[in-house]
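Along the sequence shown, the residues carry numbers beginning at 1. Keep in mind that this is a model prediction, so the values were computed, not measured.
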Amino acid sequence: LFRSGVFRNNVAHTNAEFGLRIWETYTPKEFGCGGGKDVDAVFEGLVTYANGIHGLEFSVVGHVKIVGFKIADNRDSGIEIQEAYGDWRGPIIKDTLIISHTIANRGRPQTAGIRTPNQRLLVVSNVTFARFDSDELSCLRACSHCKFRQGGYQYWFEKIRFLDNSSDHKAGFQWEHEVLFRDLDGTLSGVVNGTVTPTNGLLPAGVCEHRPEFSMNLAVPGSVCKPEAYLLRLAWNRVEPLATFAGRDLTVRNQHGSSLIPWRHYRLTHLDGYMLTLPSQHRHNLTYIMPPHLDTDVTSFSAGLYNVRPQDAVILETTYDTAPDHFRVGSNRKDIGRPLKFSDNHTSWHFDNVTLNLEYILSAKGKSEPFSDLTYGFSKEPCPVSGCPVPNVGGDEEYEPKWRR
């Protein structure tokens with residue numbers, strides 16, 4: 001937790017594992033263990049090469065700045081950060097050169113330039129990638145130390161340069177919904193304010209397109225989306241009845257296609273649950289994959305929608321087998337009485353008694369912060385003795401204001 005001293009112009013090479021490693025947690029504070037605001041820890045000017053695993057590995061870090069590094073010839077990654085917290089002033093990687101392999105390396109290439117964290121924040125600025133020149137190599141990989149189908153967080157890029165055919169080998173992905181790479185100035189993807197992400201069936205056709213340079217050596221191809229396809233991370237768990245839904249996968253559909261979302265025990269934010277990335281300003285239908293003899297009616301769950309801008313909204317839909325008394329979404333217990341619009345308030349909901357279709361909206365409308373994380377609970381509830389509709393009262397709806405750039 002303590003501030004770092006000066007770390008500048010060091011050299012680390014031919015180590016069995018790492019050139020530089022921070023283990024286990026380093027989140028420097030103004031007053032050290034006494035707390036206070038986050039403060040910067042600047043690591044500057046390191047030259048590191050030919051190490052047995054990574055040039056640099058940080059496990060859990062806060063306001064760390066990696067500045068002016070020169071990295072080459074490591075076996076796995078140049079830089080790998082497992083978890084990174086703070087805001088968009090840090091953690092940051094900037095003014096750095098990463099080379100996959102040099103003449104001195106005798107042909108053993110470094111397979112990845114930067115492996116981004118499994119959560120939560122990172123800015124990559126003015127970084128040059130060189131000699132990532134074959135299909136088993138990629139400048140970027142995602143979701144450090146992730147288990148299968150984890151991830152979904154966003155990381156920001158600007159002033160990125162590619163040399164020696166590296167522009168043909170920009171990134172490789174492991175599974176759908178793994179990560180969101182935001183391109184602030186077009187130097188990563190060619191699309192200013194675009195998003196690079198693993199291809200999945202929910203991406204808007206004509207707005208997102210498959211790109212081979214983001215499809216390196218892994219089963220899942222990559223796509224580049226224009227700014228109008230802003231993607232959000234949605235995760236949820238505690239789906240009740242637990243005996244019915246534990247271990248059940250589901251299919252998410254929108255107007256563009258579908259994506260199979262598996263139930264997984266190991267999740268970053270919602271253990272024993274689900275996670276996906278999905279486009280804002282779209283309706284998405286959630287259908288659990290169940291045997292015919294089981295009731296598919298969800299009675300409750302807990303969820304979060306991440307990195308939401310004030311203009312963002314998604315409408316989620318699901319169909320019930322039987323008509324309930326009423327629902328609660330967040331603190332909202334009152335049916336809006338008509339089909340939803342994207343301009344409706346957060347957690348507004350409507351149930352169609354004919355089709356048995358429930359829809360509700362998640363939105364950061366009216367929030368002053370540029371980005372927020374929204375958390376909410378959902379439950380299917382019986383009417384009280386006094387009858388329905390039930391008036392709205394304080395509930396568990398919360399939001400966490402996030403970073404500002």
For T318 and V298, run side-chain contact (heavy atoms from CB on, under 4.5 Å): C-alpha distance rounded to whole Å, both residues' side-chain angles, the deciding distance at 0.1 Å, then the answer.
CA-CA 9 Å; T318 190; V298 174; 5.8 Å; no
Is a donor from one side chain sitting under 3.5 angstrom from an acceptor on the other, for [X] and [Y]?
X: S189; Y: D183; result: yes
X: S223; Y: T199; result: yes
X: T244; Y: D295; result: no
X: R233; Y: T277; result: no
X: N15; Y: N51; result: yes

Any sub-3.5 Å donor-acceptor pair from [X]'s side-chain atoms to [Y]'s backbone N or O?
X: S215; Y: G222; result: yes
X: H326; Y: E381; result: yes
X: S280; Y: A313; result: yes
X: N74; Y: A72; result: yes
X: H54; Y: I81; result: no
X: R75; Y: G52; result: yes
X: S167; Y: N165; result: no
X: K365; Y: S343; result: yes
X: D297; Y: D321; result: yes
X: T251; Y: L260; result: no

May I ask you to decide if the ring planes of F371 and Y230 are parallel, tilted or perpendicular, using 30° and 60° as cut-offs?
tilted
Please state whether the rings of F301 and F378 are parallel, tilted or perpendicular, taking 30° and 60° as the class boundaries.
parallel
What distance do [X] atom [atom1] and [Y] atom [atom2] have between them, rounded to the nearest 0.5 Å?
X: Q150; Y: R264; atom1: CD; atom2: CZ; result: 9.0 Å
X: R115; Y: S144; atom1: CZ; atom2: OG; result: 7.0 Å
X: I98; Y: L163; atom1: CD1; atom2: CG; result: 12.0 Å
X: E44; Y: T96; atom1: CD; atom2: OG1; result: 10.0 Å
X: D325; Y: F351; atom1: CG; atom2: CZ; result: 10.5 Å
X: F18; Y: W23; atom1: CZ; atom2: CH2; result: 9.0 Å

For residues [X] and [Y], report the shortest heavy-atom separation together with the two atoms involved.
X: A246; Y: W263; value: CA-NE1, 4.1 Å
X: K170; Y: M216; value: N-CG, 4.4 Å
X: P262; Y: D249; value: CA-OD1, 3.2 Å
X: L356; Y: A323; value: CD2-CB, 4.0 Å
X: P310; Y: P370; value: CD-O, 3.5 Å
X: N237; Y: L271; value: ND2-O, 3.0 Å

Does [atom1] in [X] sit with more than 12 non-hydrogen atoms of other residues, nucleotides or ligands closer than 6.0 Å?
X: R309; atom1: CZ; answer: yes
X: K380; atom1: NZ; answer: yes
X: F7; atom1: CZ; answer: yes

Could you list the residues that satisfy salt bridge (charged side-chain N to carboxylate O under 4.0 Å, His left out) with E317, not counting sequence neighbours?
R283
Donor-acceptor pairs under 3.5 Å, side chain of residues 122-133 to any protein atom, not counting sequence neighbours: which ones?
unit_1	atom_1	unit_2	atom_2	d
S125	OG	E158	OE2	2.9
N126	ND2	D95	OD1	2.7
T128	OG1	R161	NE	3.1
T128	OG1	R161	NH2	3.2
R131	NH1	H101	O	3.4
D133	OD1	H101	NE2	3.0
D133	OD2	H101	NE2	3.3

How about F245 and Y274: are their ring centres within less than 6.0 Å of each other?
no
Taking the ring centre of each residue, are F157 and F181 less than 6.0 Å apart?
yes
Is [Y] close to [X] at the side-chain level, that is, under 4.5 Å between some pair of heavy atoms?
X: L278; Y: L316; answer: yes
X: M275; Y: H270; answer: no
X: H169; Y: D135; answer: yes
X: D344; Y: S363; answer: no
X: P117; Y: F58; answer: no
X: Y85; Y: Q119; answer: yes
X: Q281; Y: E228; answer: no
X: L232; Y: V314; answer: yes

Among N332, L374, I361, exactly one meets side-chain contact (heavy atoms from CB on, under 4.5 Å) together with H346. Which residue is that?
L374
Answer yes when D76 and R141 have at least one side-chain N-carboxylate O distance shorter than 4.0 Å, and no when they do not.
no
Any salt bridge linking E213 with R211? Criterion: basic side-chain nitrogen under 4.0 Å from a carboxylate oxygen.
yes
Can you list, pair by pair, the side-chain donor-acceptor contacts under 3.5 Å of residues 59-68, counting residues two or more places apart and other chains?
unit_1	atom_1	unit_2	atom_2	d
S59	OG	I22	O	3.4
H63	ND1	D40	OD1	3.3
K65	NZ	D40	OD2	3.2

side-chain contact (heavy atoms from CB on, under 4.5 Å), that's the test. Do I71 and Q110 meet it? Break it down for me.
CA-CA 10 Å; I71 303 171; Q110 178 176 276; 4.0 Å; yes
When you look at L20 and N10, which way does the side-chain contact (heavy atoms from CB on, under 4.5 Å) test go after all the steps?
CA-CA 10 Å; L20 172 64; N10 293 290; over 6 Å; no
Give the C-alpha distance, both sets of side-chain angles, the deciding distance and a yes or no for side-chain contact (heavy atoms from CB on, under 4.5 Å) between F173 and F214.
CA-CA 8 Å; F173 301 113; F214 294 105; 4.3 Å; yes
